[in-house]
Amino acid sequence: MEEGKGRKIYLQFVLLLLIGCFASQLCASSDPIFYESFDETFEGRWIVSEKDDYKGAWKHAKSEGHDDYGLLVSEPARKYAIVKELDEPVSLKDGTRVLQYETRLQNGLECGGAYLKYLRPQEAGWSSKEFDNEAPYTIMFGPDKCGATNKVHFILKHKNPKSGEYIEHHLKYPPSVPSDKLTHVYTAILKPGNELIILIDGEEKKKANFLSAEDFEPALIPAKTIPDPDDKKPEDWDERAKIPDPDAVKPDDWDEDAPMEIEDEEAVKPEGWLDDEPEEIDDPEATKPEDWDDEEDGEWEAPKIDNPKCEAAPGCGEWKRPMKRNPAYKGKWHAPLIDNPNYKGIWKPQEIPNPSYFELDEPDFEPVAAIGIEIWTMQDGILFDNFLIASDENVAKTYRETTWKPKFDVEKEKQKAEDEVAGLSDGLKGFQKVAFDLLYKIADIPFLAAYKDKILDLIEKGEKQPNITIGIIVSVIVVIVTVLLKIIFGGKKPVSFKPFLNNNFFCFSENTWKHFIPFGSSASVCHVQAKVAKETQNTGAAETSNNQGSGEETEEQDDKGDSSDAPRRRTTRREN
């Protein structure tokens, strides 16, 4: 009896011991390797670069609308550099590593970066007080936006074991930066098996393999062979697949001088055409400004307005017959092309073994000894917070839920309330938000990579000019259709994609639009929106016709084509 009781106590002790060991291991694995909340001032713990180029002032400040502190970029148009040395270097080779931090673009981000650099040990040749863009890093991670650039960088600086050179390997097709002023959390997860996962606000945006040439540019593993730099194309190498037929002769009836257009002899001047009336007249209501100085400003001239007599007539001024296509036009004669009997194909240098080639089972990550922010930005109000390095994805998730999510939810509700007050939540504003969020996702589609910069440039124009949202959407559809047609039917030359802004409205060039809708038809986005622009401009011209500046200013504004004060040039009915 006593023996059984003793065995039971012993088993209970072993069980408690195992539970204790398991719990201790769990707790140990759940601790972050590094965490910075900025609850306390950064001074004395973070080191600001003393290099002359970095004049931007860092501040310990609260995030707008919260009691939570962060590290603030306080001045626009400055370079910033600050670094935090870790207690001991962190290895990126042992199991999973999670890099995570929050940033809030409180004043937006038109041009600048908000990324972090995970630096190599100082033995690599740098010091905290001299921290600058030359400091050697292992990983650069975070948002960067300027012009056509809109990406969440992930750059691995990796040493080639053959050459000893450190090479930047950029993640291909990185996700785009959220286009708002809310707090966002960026997470990079380095996992065993060479896997990289990028999260934004806890949502997976990109998955890649470090050793895949499809995911990194340039690839970590170099090509086995390279073109021989000493190989030269033979002088008699003929790359022309087609040549003009040497036996072809221009037909006797081919007239190269015939014009493309001729006058339409059958055209008749419309009845009621006012030959003696000018298309534009001086504005009878315009008066010379009181502060006009003839000696300095020149002789004052009243602004022009459309001749009201012409509105009811088919046209004014000298009538000319319209032009029509010349049926005899053939253009310049060229001999037809035939197969080149001497064609040898496109010449390429021969391949030789790559002296820098090496094999690799996994990246040789350099340890991280410090975290630095080294940026140039045109915006202030960038707030960094909650830097985390962990070995457990669940730790990062917990920090997102406890430090980021509550702030984000408050900011989201505040933004929603502001939109409702402004009367924008139920109309075009909501539509635009959904549309642009979708377009940013479309821009990240791999098969549209060649067009990503153009799409992002268009989206930025749309965010600045909400009245062209529909045009932006149509243009992206054009891009997608273009790429799909190219994939399906092949072809070396894609459909030209040349959208442009006309009168602050979105338009397509004729070369693009004719592939989808006949140019000039009533369905043309350019013409429909240009009509609206014309009506708006007519209204604006009447309001500003009495507000003329100096002669020099008017001429300069006409050159720019963007002045509401400049008189609008009337287009003749014949030209229409």
Q: I need the T402 OG1 to K397 NZ distance, nearest 0.5 Å.
A: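 The distance works out to 12.5 Å.
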Q: Would one find more than 12 heavy atoms of other residues, nucleotides or ligands at under 6.0 Å from atom NZ of K162?
A: yes
Q: Counting only heavy atoms not in Q122, do more than 12 sit closer than 6.0 Å to its CD atom?
A: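 More than 12 within 6.0 Å, yes.
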Q: Is any side-chain heavy atom of L156 less than 4.5 Å from a side-chain heavy atom of L220?
A: yes
Q: Rounded to the nearest 0.5 Å, how far apart are OG1 of T187 and CG of L388?
A: 8.5 Å
Q: Step by step, would you call F42 with F384 a side-chain contact (heavy atoms from CB on, under 4.5 Å)?
A: CA-CA 12 Å; F42 64 90; F384 295 89; over 6 Å; no
Q: What distance separates L109 CG from Q379 CD, expressed to the nearest 0.5 Å?
A: 5.5 Å
Q: Working note: D201 + R400, criterion salt bridge (charged side-chain N to carboxylate O under 4.0 Å, His left out); need CA distance, chi angles, decisive distance, verdict.
A: CA-CA 8 Å; D201 298 344; R400 287 196 302 269; over 6 Å; no
Q: Say you draw a straight line from OH of Y54 to CG of N133; how long is it, rounded to the nearest 0.5 Å?
A: 4.0 Å
Q: Where is the tightest heavy-atom contact between I198 and P175, given as atom of each residue plus distance?
A: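 Nearest pair, atom of I198 first, then P175: CG2-CG, 4.1 Å.
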Q: Go through the side-chain N and O atoms of E366 and Y166 and say whether any donor and acceptor fall under 3.5 Å apart.
A: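 Their side chains do contain a donor-acceptor pair, which is all the 3.5 Å distance test asks for.
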Q: Look only at the side chain of S49 and the backbone of E130, and say whether a donor-acceptor pair between them is shorter than 3.5 Å.
A: no
Q: Taking the side chain as C-beta and beyond, is there a heavy-atom pair between F34 and V368 under 4.5 Å?
A: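 SC-SC contact between F34 and V368 ruled out.
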Q: In this structure, are over 12 heavy atoms from other groups packed under 6.0 Å from E88 atom CD?
A: no
Q: Kindly indicate, with the supporting measurements, whether the criterion side-chain contact (heavy atoms from CB on, under 4.5 Å) is fulfilled by K412 and L182.
A: CA-CA 7 Å; K412 195 83 170 177; L182 310 180; 4.0 Å; yes
Q: Take a 6.0 Å sphere around CD of E168 and say whether it holds more than 12 heavy atoms from other residues, nucleotides or ligands.
A: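 Buried by this count: over 12 neighbours within 6.0 Å.
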Q: Classify the angle between the aromatic ring planes of F365 and F210 as parallel (below 30°), tilted (30 to 60°) or perpendicular (above 60°).
A: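 Rings of F365 and F210: perpendicular, over 60°.
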Q: Keeping the roles fixed (side chain from N107, backbone from D380), state whether a donor-acceptor pair exists under 3.5 Å.
A: yes
Q: Quick one: are T96 and E393 in side-chain contact, heavy atoms under 4.5 Å?
A: yes
Q: Got a sec: does the NZ of K159 have more than 12 other heavy atoms crowding it under 6.0 Å?
A: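 Check fails, neighbour count at 12 or below.
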Q: Could you walk me through whether E418 and K416 satisfy the salt bridge (charged side-chain N to carboxylate O under 4.0 Å, His left out) test, starting with their C-alpha distance in whole Å, then the side-chain angles of each, then the deciding distance to 0.1 Å, before giving a yes or no?
A: CA-CA 5 Å; E418 290 175 353; K416 182 179 178 181; over 6 Å; no
Q: Can you say whether the rings of Y186 and F141 are parallel (under 30°), tilted (30 to 60°) or perpendicular (over 60°)?
A: perpendicular
Q: When rounded to the nearest 0.5 angstrom, what distance separates CG in L196 from CD1 in I189?
A: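 Output value for this atom pair is 8.5 Å.
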Q: Do T103 and D385 have side-chain heavy atoms sitting under 4.5 Å apart?
A: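 Contact flag for T103/D385 side chains = no.
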Q: Is there a side-chain hydrogen bond (donor to acceptor under 3.5 Å, both in side chains) between E374 and Y137 once you walk through the steps?
A: CA-CA 11 Å; E374 188 275 318; Y137 63 85; over 6 Å; no
Q: Run the numbers on N150 and D144 for side-chain contact (heavy atoms from CB on, under 4.5 Å), then give the verdict.
A: CA-CA 6 Å; N150 185 325; D144 187 18; over 6 Å; no
Q: Passes ring-ring contact (aromatic ring centres under 6.0 Å, His included), H60 versus F38? Steps please.
A: CA-CA 8 Å; H60 183 239; F38 294 104; 7.5 Å; no
Q: Identify the residue among E102, H66, E411 that makes a side-chain hydrogen bond (donor to acceptor under 3.5 Å, both in side chains) with T183.
A: E411
Q: Does S63 offer a backbone N or O that forms a donor-acceptor pair with the side chain of D68 under 3.5 Å?
A: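 Absent.
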Q: Are K181 and Q106 side-chain neighbours, meaning at least one heavy-atom pair lies under 4.5 Å?
A: no
Q: Within the 3.5 Å criterion, strictly below it, is a donor on S128 or E85 matched to an acceptor on the partner's side chain?
A: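 S128 vs E85: donor-acceptor pair found between side chains.
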Q: Do L92 and Y118 have side-chain heavy atoms sitting under 4.5 Å apart?
A: no
Q: Is there a donor-acceptor pair under 3.5 Å between the side chain of H170 and the backbone N or O of E217?
A: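 A pair under 3.5 Å: no.
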Q: Please walk me through it: do S391 and I33 pass side-chain contact (heavy atoms from CB on, under 4.5 Å)?
A: CA-CA 7 Å; S391 58; I33 299 173; 4.2 Å; yes
Q: State which residue, out of Y101, W404, Y35, F387, fulfils the ring pair (Phe, Tyr, Trp, His ring centres under 6.0 Å) condition with Y399.
A: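 That would be Y35.
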Q: Before giving the answer on salt bridge (charged side-chain N to carboxylate O under 4.0 Å, His left out), spell out for D132 and K51 the whole-Å C-alpha distance, their side-chain angles and the decisive distance to 0.1 Å.
A: CA-CA 7 Å; D132 61 10; K51 294 293 284 286; 2.5 Å; yes
Q: Give a yes or no answer on whether the side chain of R97 reaches the backbone of K93 with a donor-acceptor pair at less than 3.5 Å.
A: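 No, the answer is negative, given that no donor and acceptor are paired below the 3.5 Å cut-off.
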Q: Would you indicate whether the side-chain heavy atoms of I82 and I373 approach each other to under 4.5 Å?
A: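 I373 reaches I82 side chain to side chain.
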Q: Let me confirm one number: the OG-OH distance from S163 to Y357, rounded to the nearest 0.5 Å.
A: 14.5 Å
Q: Please check this pair: side chain of E204 against backbone of L199, looking for a donor-acceptor N/O pair closer than 3.5 Å.
A: no
Q: Determine yes or no for a side-chain-to-main-chain donor-acceptor pair under 3.5 angstrom, with T149 supplying the side chain and K145 the backbone.
A: no
Q: Is any side-chain heavy atom of F131 less than 4.5 Å from a side-chain heavy atom of L119?
A: yes
Q: Starting from the C-alpha separation in whole Å, work towards a yes-or-no answer on salt bridge (charged side-chain N to carboxylate O under 4.0 Å, His left out) for E36 and K84.
A: CA-CA 10 Å; E36 172 61 83; K84 166 66 176 177; 5.4 Å; no
Q: Is the closest side-chain donor-acceptor distance between R120 and T138 under 3.5 Å?
A: no
